[in-house]
Amino acid sequence: MKKILTALLALMALVMALSLSACGGGSGDLTVEKGKLHMSTNAEFPPYEMVKGDGGFEGIDVEVAGLIAEKLGLELVVDDMGFTAALEAVQNGRSDIAMAGITVNEDRLANMDFTDSYATGVQVVIIKADSPAVQSIDDLASAALIGTQEGTTGYIYCSYPPEEGGYGEDHVVAYETGAVAVQALLAGQVDCVVIDNQPAQEYVKANPGLEILDTEFAVEDYAIAVKKGNTQLLEQVNKALGELIADGSVQKVVDKYITAG
């Protein structure tokens with residue numbers, strides 16, 4: 001009888017442990033590394049993510065991710081890689097979240113889940129001030145070559161065939177980073193660059209002779225990507241993000257990097 005009672009108690013303890021585990025404990029149980037939140041990004045997208053002088057990372061996305069990690073009781077780990085690789089990392093479960101000024105579209109929704117939006121991005125066109133080829137958005141239709149960053153919505157929009165509102169893949173060149181695309185513009189290898197407004201401002205500031213067209217190319221919302229089907233982590237990240245938006249923390253971070261007006 002004593003042996004039977006001991007076995008029953010052990011079985012009950014096992015059932016309780018499994019039940020607690022199934023209820024979802026903490027966020028650390030849902031992440032790729034216990035106690036940490038891995039964020040894949042492309043740290044060449046100022047002011048959202050960039051490399052600091054000491055080799056660390058800073059920017060809007062980095063700080064917002066840090067606040068989310070803090071709310072979830074986790075340590076943020078920033079994994080820097082190419083933009084396309086950052087999206088693939090979250091799809092393949094090598095990172096927990098991806099933040100890199102990521103716009104939600106149908107193709108991405110098929111492969112990843114997304115939180116609510118936390119920022120608005122604007123796609124713009126960078127040109128040489130004395131460009132003979134491009135002086136307005138309408139000129140992109142006749143531009144010989146348009147530079148973009150690979151994997152971005154700027155590349156996607158421009159690559160659509162003309163009947164779908166784009167310019168066709170033959171007229172678009174995809175570079176690994178926005179900085180490389182801008183260098184190609186300076187070297188005369190492309191006629192313009194389509195890229196997000198905030199990094200565009202930084203590139204123009206650093207390169208005399210470049211300017212941004214007045215007309216916006218596209219307006220889009222940024223969100224945080226999570227592996228498809230990881231609903232528990234998505235819900236926890238979204239809840240933390242919602243709280244940070246509601247209490248003004250996200251706006252405070254944005255204002256730190258982007259001067260109002």
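The backbone N or O of Ser117 lies less than 3.5 Å from no partner atom in the side chain of Asp221, so there is not a single donor-acceptor pair. A donor-acceptor pair is defined here as one N or O able to donate and one able to accept, closer than 3.5 Å; such a pair exists between the side chain of Lys228 and the backbone of Leu109. At distances below 3.5 Å, not a single donor-acceptor pair connects side-chain atoms of Asp196 with backbone N or O atoms of Val124. When atom types are taken as modelled, the side chain of Thr148 and the backbone of Val194 share no donor-acceptor pair closer than 3.5 angstrom. Asn105 contributes a side-chain N or O that, together with a main-chain N or O of Asp107, makes up a donor-acceptor pair within less than 3.5 Å. With hydrogens and angles disregarded, a donor-acceptor distance shorter than 3.5 Å links the side chain of Asp96 to the backbone of Val32. With hydrogens and angles ignored, the 3.5 Å screen pairs no side-chain donor or acceptor of Asn207 with any backbone N or O of Leu210.
Partners of Glu176 according to the side-chain contact (heavy atoms from CB on, under 4.5 Å) rule, which considers only residues two or more places apart in sequence or in another chain, are Glu150. Residues satisfying the ring-ring contact (aromatic ring centres under 6.0 Å, His included) test with Tyr222, not counting sequence neighbours, are Tyr48. For Ala86, the side-chain contact (heavy atoms from CB on, under 4.5 Å) partners at least two apart in sequence or on another chain are Ser40, Met81.
In plain terms, the two heavy atoms of Val134 and Ile127 that are nearest each other are O-CD1, 3.3 Å. Considering every non-hydrogen atom in both Glu44 and Ala179, the closest pair reads OE1-CB, 4.2 Å. Closest non-hydrogen pair, Asp113 versus Asn230, comes out as OD2-N, 4.3 Å. Residues Asp139 and Ala133 approach most closely at CB-O, 3.5 Å, considering heavy atoms. Taking both residues in full, the closest heavy atoms of Thr31 and Gly35 are given as OG1-N, 4.4 Å, listed atom of the first, atom of the second, then distance. Closest heavy-atom contact between Thr41 and Met99: OG1-O, 2.6 Å.
Among Val182, Val193, Val190, Leu185, the single residue meeting the side-chain contact (heavy atoms from CB on, under 4.5 Å) criterion with Tyr175 is Val190.
Interatomic distance, Ile224 CD1 to Thr115 OG1, rounded to the nearest 0.5 Å: 4.0 Å. Atom OG1 of Thr103 and atom CZ of Arg108 lie 6.0 Å apart (nearest 0.5 Å). Between Ser131 atom OG and Ile126 atom CD1 the span is 12.5 Å, to the nearest 0.5 Å. We find the CG-CD distance between Leu37 and Gln236 to be 10.5 Å, quoted to the nearest 0.5 Å. In this structure, Tyr203 OH and Gln198 CD are separated by 12.0 Å, a value rounded to the nearest 0.5 Å. Here the NZ atom belonging to Lys239 is positioned 13.5 Å from the CG atom belonging to Leu234, to the nearest 0.5 angstrom.
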Quiz prompt | Test side chain to side chain contact (heavy atoms under 4.5 Å, CB included) applied to Val226 and Thr231, step by step | solution = CA-CA 9 Å; Val226 176; Thr231 41; over 6 Å; no
Quiz item: Under the side chain to side chain donor-acceptor pair (under 3.5 Å) criterion, do Asp138 and Ser136 qualify, and how do the steps go?
Solution: CA-CA 5 Å; Asp138 292 339; Ser136 73; 4.6 Å; no
Quiz item: Between Val253 and Val250, is a side chain to side chain contact (heavy atoms under 4.5 Å, CB included) present by the stated rule, with each step listed?
Solution: CA-CA 5 Å; Val253 172; Val250 170; 5.8 Å; no
Show me the side-chain donor-acceptor pairs of residues 68-79 shorter than 3.5 Å, one per line, residues at least two apart or across chains.
residue	atom	partner	partner atom	Å
Lys71	NZ	Glu243	OE1	3.0
Asp79	OD2	His38	ND1	2.8

Atom pairs and distances, donor-acceptor, side-chain atoms in residues 156-173, under 3.5 Å, two or more places apart:
residue	atom	partner	partner atom	Å
Tyr157	OH	Glu220	OE1	2.9
Ser159	OG	Tyr155	O	2.7
His171	ND1	Ala144	O	3.2

In a table with atom names and distances, give each donor-acceptor pair under 3.5 Å that connects a side chain of residues 54-67 to protein atoms at least two apart or in another chain.
residue	atom	partner	partner atom	Å
Asp54	OD1	Gly56	N	2.9
Asp61	OD1	Tyr118	OH	2.6
Asp61	OD2	Ala100	N	3.4
Asp61	OD2	Gly101	N	3.1
Asp61	OD2	Tyr118	OH	3.4
Glu63	OE2	Lys256	NZ	2.6
Glu63	OE2	Tyr257	OH	2.6

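For the pair Ile146 and Asp191, the minimum side-chain heavy-atom distance is 4.5 Å or more. Between Gln123 and Thr153 the shortest side-chain heavy-atom distance falls below 4.5 Å.
When the side chains of ILVMFWY residues are joined at heavy-atom separations under 4.5 Å, either directly or via intervening members, Val104 and Val237 end up in two distinct hydrophobic clusters. In the hydrophobic clustering of ILVMFWY residues, with side-chain heavy atoms under 4.5 Å counting as a link, Ile212 and Val219 come out together. Taking hydrophobic clusters as Ile, Leu, Val, Met, Phe, Trp and Tyr residues chained together by side-chain heavy-atom distances below 4.5 Å, Leu140 does not share a cluster with Val204. Side-chain heavy atoms closer than 4.5 Å link hydrophobic residues (I, L, V, M, F, W, Y) into clusters, and following such links, even through other members, never connects Met39 to Phe83. Hydrophobic cluster membership is shared by Val122 and Ile195, with clusters built from Ile, Leu, Val, Met, Phe, Trp and Tyr side chains linked at under 4.5 angstrom.
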